[in-house]
Enquirer: 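The structure is given below, and queries will be raised subsequently.
Order of the sequence lines fixes the chain letters, A, B, ..., with proteins taken first and strands second; residue numbering starts at 1 for each chain.
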There are 2 protein chains.
Amino acid sequence: MDEPKPLRPTSEATLRRLPIYHHLLQKRLATGIKTISCSQIAEELSCDATQIRKDLAVTGIKGRPKVGYDLAALILSIEIFLGWSRVRKAFLAGAGHLGSALLGYNRFHHYGLDIVAAFDRDPDRVGTKVHGREVLPINKLAGLAKRMRVEVGIITVPAPVAQEVADFMVSGGVRAIWNFAPTKINVPAGVIVQNEDLYSSLGVLLQKLSAAHRLR
Amino acid sequence: MDEPKPLRPTSEATLRRLPIYHHLLQKRLATGIKTISCSQIAEELSCDATQIRKDLAVTGIKGRPKVGYDLAALILSIEIFLGWSRVRKAFLAGAGHLGSALLGYNRFHHYGLDIVAAFDRDPDRVGTKVHGREVLPINKLAGLAKRMRVEVGIITVPAPVAQEVADFMVSGGVRAIWNFAPTKINVPAGVIVQNEDLYSSLGVLLQKLSAAHRLR
DNA sequence: GTAGAATCGAGAAATAATTCTCTACTAACA
DNA sequence: TGTTAGTAGAGAATTATTTCTCGATTCTAC
């Protein structure tokens, strides 16, 4: 079980598809089947079988001709590759609507993430509980992150204060930031930022809708 | 002001970047400046100026050498291209944590979307109000969508019921679906689906974090 | 005016991603 | 014990995307 040693990092497109396969595979595992082939996955997701084969290859899994992959082994292989097998502690900053929704996702720990505390600047929110986690004042974030060795930060504050919050996280030793604020945040080299801009998705959706209108 | 006539549809990568430029441009507009160049945007977002120039070109905007683009015109050009200038009605299905959070976004109508009603299957939720919108029973969705000429559907229900909800939306004449459920939904040709899988984003983030660990 | 610096825009080159093709292997079946 | 059909895996070909290069344009300063 030697780790794949990628000279170049895996492409973002592949990384985004792996969780989609994972969802499907788990659904299939529940039905009791033991193996699955790329052609079957491709059929189900209406995409190309070769692409799936290449995607799965990055996780280091080996399949057998005429049979496919061992389902349980494949799921595990994806989980290990994506880093879901080791649960990492996360702090969430911004206990508004979206932040609360994320705190309500109680399956994140199956996907490698444990949101251990929430932070907010609003004194009315501080001290309340959201889905079982107490909301702490934002100025405690950096110190606590360092003490608790928190690796991941989640930003759900408004855009104008996102950079400030990111700076707190970085100074607390956070190594990866999941940024839901629609703004660029600057971090030192080595800190990973994953932007999650709802307006970008909405833009894609509505542009396609507009383009479809235009064609008729 | 002739529309750009793309032989091929604009790439998803470009569509995703346009809203990011839009955010920055609006921030700059507030400072009172009148024009902006690709090099300035590139500097701010730490990316390539040529890429920005090509991205902006798809909207049909024209710039002037040595000056750049007229800021207000550029913002408008992006908004028109993305379909944000015409507000479309949307129904949201699934008034749970995430659904409520989306209903709380009160700026969507600036981005071409007006969520006019929410639907849910849970009788305890039906009849309550979430951020000013009454929650209606899911079996009314299709009929109302047709009557109100709703064009967009937002799915924030659990994965196992996502397909069923999508079918309701399609039968109600919805032409584009924003799917937050981590599962594939099947729709007839011509209906646009934009998947928004949080677990995919999380996968990207955590894999990069794991890979960074492995390198040390 | 004229020179120089900055920028757009278009096409070429380089890079990355996807899809195609072929070979070798495995299981089921006659 | 062949024979056949289905599949993984590797590499080639194709396609898409990003980056580079260069000429044309326009503003600023002298």
Side-chain angles (χ1 to χ4, degrees), chain A residues 2 4-18 20-21 25 28 33-71 73-75 77-78 81 200 204 207-208 211, chain B residues 2 4-18 20-21 24-25 28 33-71 73-74 77-78 81 200 204 207-208 211:
Chain A
D2 47 350
K5 186 87 179 292
L7 274 85
R8 261 169 265 171
T10 309
S11 82
E12 190 132 341
T14 294
L15 292 179
R16 292 197 151 269
R17 284 189 296 261
L18 286 174
I20 295 167
Y21 306 147
L25 297 174
R28 285 306 178 85
I33 63 164
K34 295 278 180 259
T35 62
I36 195 163
S37 73
C38 288
S39 6
Q40 290 171 281
I41 300 173
E43 166 81 11
E44 185 87 9
L45 299 177
S46 347
C47 59
D48 186 74
T50 308
Q51 178 168 78
I52 294 170
R53 201 167 293 130
K54 287 233 197 293
D55 286 343
L56 298 181
V58 305
T59 72
I61 191 81
K62 296 287 171 197
R64 289 163 66 194
K66 178 86 185 198
V67 177
Y69 303 91
D70 182 85
L71 190 47
L74 179 52
I75 290 172
S77 181
I78 292 175
F81 180 75
S200 286
V204 176
Q207 195 279 336
K208 287 180 181 171
Chain B
D2 46 350
K5 187 86 178 293
L7 275 85
R8 263 168 264 170
T10 310
S11 82
E12 191 132 341
T14 294
L15 292 179
R16 290 197 152 270
R17 284 189 296 261
L18 286 173
I20 295 167
Y21 306 147
L24 174 66
L25 297 174
R28 286 304 178 86
I33 62 163
K34 297 278 180 258
T35 62
I36 195 163
S37 73
C38 287
S39 7
Q40 289 171 280
I41 299 173
E43 165 81 10
E44 184 87 10
L45 299 177
S46 348
C47 59
D48 186 74
T50 309
Q51 177 169 79
I52 294 170
R53 200 168 293 129
K54 289 234 197 291
D55 286 343
L56 298 182
V58 306
T59 72
I61 192 81
K62 296 288 171 194
R64 289 162 66 191
K66 180 80 194 232
V67 176
Y69 303 90
D70 181 86
L71 189 47
L74 179 53
S77 182
I78 292 175
F81 180 75
S200 286
V204 176
Q207 195 279 335
K208 287 181 180 170

Enquirer: Given that Thr50(B) and Val67(A) both sit by DNA chain C, which one's nearest nucleotide is further toward the 5' end?
Expert: Thr50(B)
Enquirer: Does Leu71(B) reach the side chain of Thr35(B), with side-chain heavy atoms less than 4.5 Å apart?
Expert: no
Enquirer: Which of these nucleotides, dA8(D), dC20(D), dT26(D), is closest to any side-chain atom of Pro65(A)?
Expert: dA8(D)
Enquirer: From CG of Asp55(A) over to C1' of dT19(C), roughly how many Å is that when rounded to an integer?
Expert: 13 Å
Enquirer: More 5' along DNA chain D: Asp48(B) or Gly68(A), using each one's nearest nucleotide?
Expert: Gly68(A)
Enquirer: Could you state the NZ-C1' distance from Lys62(B) to dA24(D), rounded to the nearest angstrom?
Expert: 14 Å
Enquirer: Atom CD of Gln51(B) to atom C1' of dT15(C): distance rounded to whole Å?
Expert: 13 Å
Enquirer: Does Ser37(A) have a side-chain nitrogen or oxygen under 4.0 Å from the phosphate oxygens OP1 or OP2 of dT7(D)?
Expert: yes
Enquirer: If the cut-off is 4.0 Å, is Arg53(B) near the phosphate of dT7(C), judged by side-chain N/O to OP1 or OP2?
Expert: no
Enquirer: Going by an N to O cut-off under 4.0 Å, is there a salt bridge joining Glu12(B) and Arg17(B)?
Expert: no
Enquirer: For the OG1 atom of Thr10(A) and the CG atom of Asp55(A), what is their distance to the nearest 0.5 Å?
Expert: 9.5 Å
Enquirer: Can you check the Glu12(A) CD to dA16(D) C1' distance for me, whole Å?
Expert: 17 Å
Enquirer: Using whole Å, report how far CZ of Arg8(B) lies from P of dT17(D).
Expert: 8 Å
Enquirer: Quickly work out the Lys54(A) NZ to dT7(D) P distance and round it to whole Å.
Expert: 18 Å
Enquirer: At under 4.0 Å, does any side-chain N or O of Ser39(A) touch on OP1 or OP2 of dT7(D)?
Expert: yes
Enquirer: Distance check needed: dT7(D) C1' versus Ile52(A) CD1, whole Å only.
Expert: 13 Å
Enquirer: Looking at every strand, decide which applies to Ala13(B) at a 4.0 Å heavy-atom threshold: base, sugar-phosphate, or nothing.
Expert: sugar-phosphate
Enquirer: Please classify the nucleic acid contact of Ser11(A) as base, sugar-phosphate, or nothing, using heavy-atom distances under 4.0 Å.
Expert: sugar-phosphate
Enquirer: Roughly how far, to the nearest 0.5 Å, is CG of Leu45(B) from OH of Tyr21(B)?
Expert: 7.0 Å
Enquirer: If you round to the nearest 0.5 Å, how far is CD1 of Ile36(A) from CD1 of Ile41(A)?
Expert: 4.5 Å
Enquirer: Does the dG9(D) base have a donor-acceptor partner in the side chain of Lys66(A) within less than 3.5 Å?
Expert: no
Enquirer: Given atom CD1 of Ile61(B) and atom P of dT7(C), what is their separation to the nearest angstrom?
Expert: 17 Å
